[in-house]
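Comments concern the structure below.
So you know, we letter chains A, B, ... as the sequences are listed, proteins then strands, and number each from 1.
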Amino acid sequence: MDGCWLILTGLFSIYLFLQKGNSTLLRGSGVTGKKSMYELKIKEKIEQVTGLDDIKLTVPPPGFSGDLSSNAALASGIVPQKLAEELNGLDEVEKTDIAGPGFINITINGKALEDEIKEILSSPALYGGGEKKGKVLFEMVSSNPTGPLHIGHGRGAAIGDSLARIFEKLGYDVFREYYVNDTGNQMQLLGESVRCIQQGKEVPENGYRGDYMKQIAAGLTSSEDLSKAAGEKILGMHFETLNKFAVEYSSTVYESDFIRAKKVEDVIEEMKKRDLTYEKDGALWFRSSSFNDDADRVLIKKDGELTYFASDCAYHIDKAQRAERLVNIWGADHHGYVERLRAFFKAFGYAGKKRMDIVLYQLVDLKRGSEKVSMSTRAGEFVTLDEVLDEVGKDAARFFMLMRSSDAPLEFDLELAKEESSKNPVYYVQYSHARICSIFRKKGISFEDISPSDVQGLGNEEREIVKFLAHYPVLLQKCLQLDAPHLLTDYLRQSASAFHKYYDTVRVIGSKQERQRLALLRAVKEIIKDALGLLGVSAPEKM
RNA sequence: GCGCCCGUAGCUCAGUGGACAGAGCGUCGGCCUCCGGAGCCGAAAGUCGAAGGUUCGACUCCUUCCGGGCGUACCA
């Protein structure tokens, strides 16, 4: 029976290899040519030997030896002994054990762990980073300028900006763009609302009101193009808020410019030429249902006006011409637009050539303790991003926005975010950084006084924490691959905890191993600082 | 009706097929002559919404159903 099973799985593995072999080759190696970063190196080796695409290394469960564990032999059908042998050939591997049905448990040797710290200390900002890669264009927030940004926009900004920082770290040439929807009914309505307020009349039923509108109306004269002028003012407010939130854009583009420059017309002409459109009921339609969308979509309304979707097509063509890869950060309430945009991409032949990620994030529920905070948009009583920033500060706001997967709704507790205690994860993490800084102050040396040569030998206490640090480069790749910056908040919490635990059991200043322990602490500090930086959160030296 | 997301410990959530399901908060119980106690250690707590299926192996993939959110415009 066993023999039979082996033959079958063997055949299956050949099948898998044939299936997956190509994509592995295409992916290209050389994620990093660096000498250290053993976890990445082992990962690449396993992928090379098994032909698997993106393998996962785990930590062996309690009771098993080893520092890292892989199920790749099982998953690929390769004989575990063969893979283990290949791994034993790596300098970083002390030994391997085969356990259970074919898990390979890998023990890292002491030298590799030391080298890892040396690598961190020699160039902290570069550790875990990548080589030069192509241009990526991020589009985020892109609210129409009719009212203040609310907390949901904040989530989009935090996800987009942090993901952008991760892309930058990994070598991509990143651009952050703000697309302004400054045309259409909403903008007309904005102009009318301003006029009504100025004339002391009742604002139209679906119009804009609230304190911000009174201020804007007061700052404009009636002779201006009220819609345009008000839009510009509100856009200015948006950027002010985003600035406070540590989000900076490289460019701003206006929907109206695309229309004025006839780019939207051009795209529609091109679509007509390619027979992607038809006329019905006086409107011009795009055959998006031929490209996996639920229904066809209107490009030009029967009144002759362009739809938002039409200019969005023009905008995305423009973006695709400027970058190799596009990332759009959208609220989940826009998920209905994903397929139509993808349909357009397919129809224009971009689908296979340019990668376009659309990250959807679920809504934010604001709470104050156990009490829900109303976010009704009516009468302008919603909680703005500005108000949240003023109340809890940039660091807490950014961190909290990134604590959850973008797929999950986010519960944002204003009370917790303000709390200066270990209950608050931001403080917990920042505290670990400040505490390490304090140790160096106490010792009276600077971080630069510690160099790679101070790393000499590691005890068992150190091993655990080094393994944790060594995982950072792999984690960053995972964040990028899954468009999931929230993984960093969890990693930071665990890093902080690993440090506190270590510091609780080991004496640093005054011990025989003082120098090397300080070296380890500096490495921890550098990783925490770097990771916080990617989240847009500060790493204070004192609190 | 149809589509997308979610349903995991009292609460908020991690877990992109693998070895006995994890964390934080909350609850209960320990640890300060010592480098920041804004810290550490331990305990209790789960039929992973339900039922089928695929697999050597399913919280993870497929189908159906039940809950909740969002979307289903010639609005943006």
| Going by the angle between their ring planes, with limits at 30° and 60°, are A/F345 and A/H316 parallel, tilted or perpendicular? | perpendicular

| query | Which whole number of Å gives the distance between the C1' atom of B/U63 and that of B/G24? | reply | 36 Å

| Any Lys/Arg nitrogen of A/K501 or A/D504 sitting under 4.0 Å from an Asp/Glu carboxylate oxygen of the other? | no

| message | Classify A/M403 by what it touches in the nucleic acid, base, sugar-phosphate, or nothing, heavy-atom distance under 4.0 Å. | response | nothing

| message | Roughly how many Å apart are B/C59 and B/U16, using the C1' atom of each and rounding to a whole number? | response | 13 Å

| said: For the P atoms, the ones on B/C13 and on B/A19, what distance do you get once it is rounded to whole angstrom? | reply: 25 Å

| Charged N-O contact under 4.0 Å between A/D54 and A/K43 | yes

| query | Thinking salt bridges, do A/K367 and A/E415 make one under a 4.0 Å N-O criterion? | reply | no

| said: Roughly how many Å apart are B/G15 and B/G7, using the C1' atom of each and rounding to a whole number? | reply: 15 Å

| query | Side-chain N or O of A/K501 less than 4.0 angstrom from OP1 or OP2 on B/C41? | reply | yes

| query | For A/R522 and B/C35, what is the distance between atoms CZ and P respectively, to the nearest whole Å? | reply | 25 Å

| task | May I ask you to evaluate whether A/Y428 reaches the phosphate of B/C40, defined as a side-chain N or O under 4.0 Å from OP1 or OP2? | result | yes

| message | With the criterion set at under 5.5 Å between ring centres and under 30 degrees between planes, would B/C75 be stacked on A/Y308? | response | no

Any protein N or O atoms within reach of nucleotides 30-32 of chain B? Criterion: under 3.5 Å, listing atom names and distances.
none

| field | A/Y361 OH to B/G69 P, straight-line distance once rounded to whole Å | value | 20 Å

| message | Heavy atoms only, 4.0 Å cut-off, all strands: where does A/S421 land among base, sugar-phosphate and nothing? | response | nothing

| Ranges pairing with ranges for RNA chain B, where each run has three or more Watson-Crick or G-U pairs under 3.5 Å | B:1-7 with B:66-72, B:10-13 with B:22-25, B:27-31 with B:39-43, B:49-53 with B:61-65

| query | How far does the P atom of B/G1 sit from the matching atom of B/U64, given to the nearest Å? | reply | 14 Å

| task | Find the distance A/L363:CG to B/G69:P and express it as a whole number of Å. | result | 12 Å

| field | A/D454: side chain to side chain contact (heavy atoms under 4.5 Å, CB included) partners, not counting sequence neighbours | value | A/I450, A/S451, A/R515, A/A519

| field | Contacts of type salt bridge (Lys or Arg N to Asp or Glu O under 4.0 Å), residue A/D490, not counting sequence neighbours | value | A/R493

| message | Mind checking if A/N105 touches a base, just sugar-phosphate, or nothing, with heavy atoms under 4.0 Å? | response | base

| message | Base, sugar-phosphate or nothing for A/V426? Non-hydrogen atoms, less than 4.0 Å. | response | nothing

| request: Mind checking A/S69 for me? I need base, sugar-phosphate or nothing, with any heavy atom below 4.0 Å counting as a touch. | output: base

| field | Gap between atoms CG and C1', on A/D413 and B/G26 respectively (whole Å) | value | 13 Å

| message | Give the residues of residues 279-294 of chain A touching RNA chain B, defined as any heavy atom closer than 4.0 Å, sorted by residue number. | response | A/K280, A/D281, A/A283, A/W285

| message | Using only modelled atom types and a 3.5 angstrom limit, is any donor from either the side chain of A/T58 or the base of B/A19 paired with an acceptor on the other? | response | no

| Can we call the ring centroids of A/F344 and A/F291 under 6.0 Å apart? | no

| message | One thing to verify: whether A/K319 and A/E177 come together as a salt bridge, which I'm taking to mean a side-chain N less than 4.0 angstrom from a carboxylate O. | response | no

| remark: Note: for A/R441 and A/V298 on RNA chain B, the residue whose nearest nucleotide lies more 5' is A/R441

| said: Considering only residues two or more places apart or on different chains, which pairs with a residue in residues 58-70 of chain A satisfy side-chain hydrogen bond (donor to acceptor under 3.5 Å, both in side chains)? | reply: A/S65-A/D97, A/D67-A/R463, A/D67-A/K467, A/S69-A/N105

| message | Between B/A44 and B/G53, how far apart are the two P atoms, rounded to whole Å? | response | 35 Å

| request: Could you check whether A/F103 and the base of B/A19 form a stacked pair, meaning centres closer than 5.5 Å and planes differing by less than 30°? | output: yes

| task | Rounded to the nearest 0.5 Å, what's the gap from CG on A/L385 to CE on A/M237? Could you check? | result | 11.0 Å

| remark: Expected string for nucleotides 4-12 of chain B under the B/S/- scheme (protein heavy atoms, under 4.0 Å, primed atoms plus P, OP1, OP2 as sugar-phosphate) is BSS-----B

| Presence of A/K56 side-chain N/O under 4.0 Å of B/G18 phosphate oxygens OP1/OP2 | yes

| query | Touch check for A/K423, heavy atoms < 4.0 angstrom, all strands: base, sugar-phosphate only, or nothing? | reply | sugar-phosphate

| P gap between B/U47 and B/C28, integer Å | 23 Å

| task | Please list, chain by chain and in numerical order, all residues satisfying side-chain hydrogen bond (donor to acceptor under 3.5 Å, both in side chains) with A/E541, sequence neighbours excluded. | result | none

| said: With a 4.0 Å cut-off on N to O distance, would you call A/E526 and A/K529 a salt bridge? | reply: no

| query | Taking RNA chain B as the partner, which of residues 512-520 of chain A come within under 4.0 angstrom of it by heavy atom? | reply | none

| Reckon A/A484 touches a base, only the sugar-phosphate, or nothing at all at heavy-atom distances under 4.0 Å? | nothing

| task | List in chain and number order the residues that pass salt bridge (Lys or Arg N to Asp or Glu O under 4.0 Å) with A/R355, two or more places apart in sequence or in another chain; answer none if no residue qualifies. | result | A/D357

| Distance, C1' atom - from B/A58 to B/A21, rounded to whole angstrom | 12 Å

| task | Could you check whether A/P425 gets within reach of a base, just the sugar-phosphate, or nothing at all, counting any heavy atom under 4.0 Å? | result | nothing

| query | Which residues pass the salt bridge (Lys or Arg N to Asp or Glu O under 4.0 Å) test with A/K301, sequence neighbours left out? | reply | none

| said: Could you tell me if A/Y208 and A/Q186 have a donor-acceptor pair between their side chains, going purely by distance under 3.5 Å? | reply: yes

| Pairing residues for A/E265 by the salt bridge (Lys or Arg N to Asp or Glu O under 4.0 Å) criterion, not counting sequence neighbours | A/K262

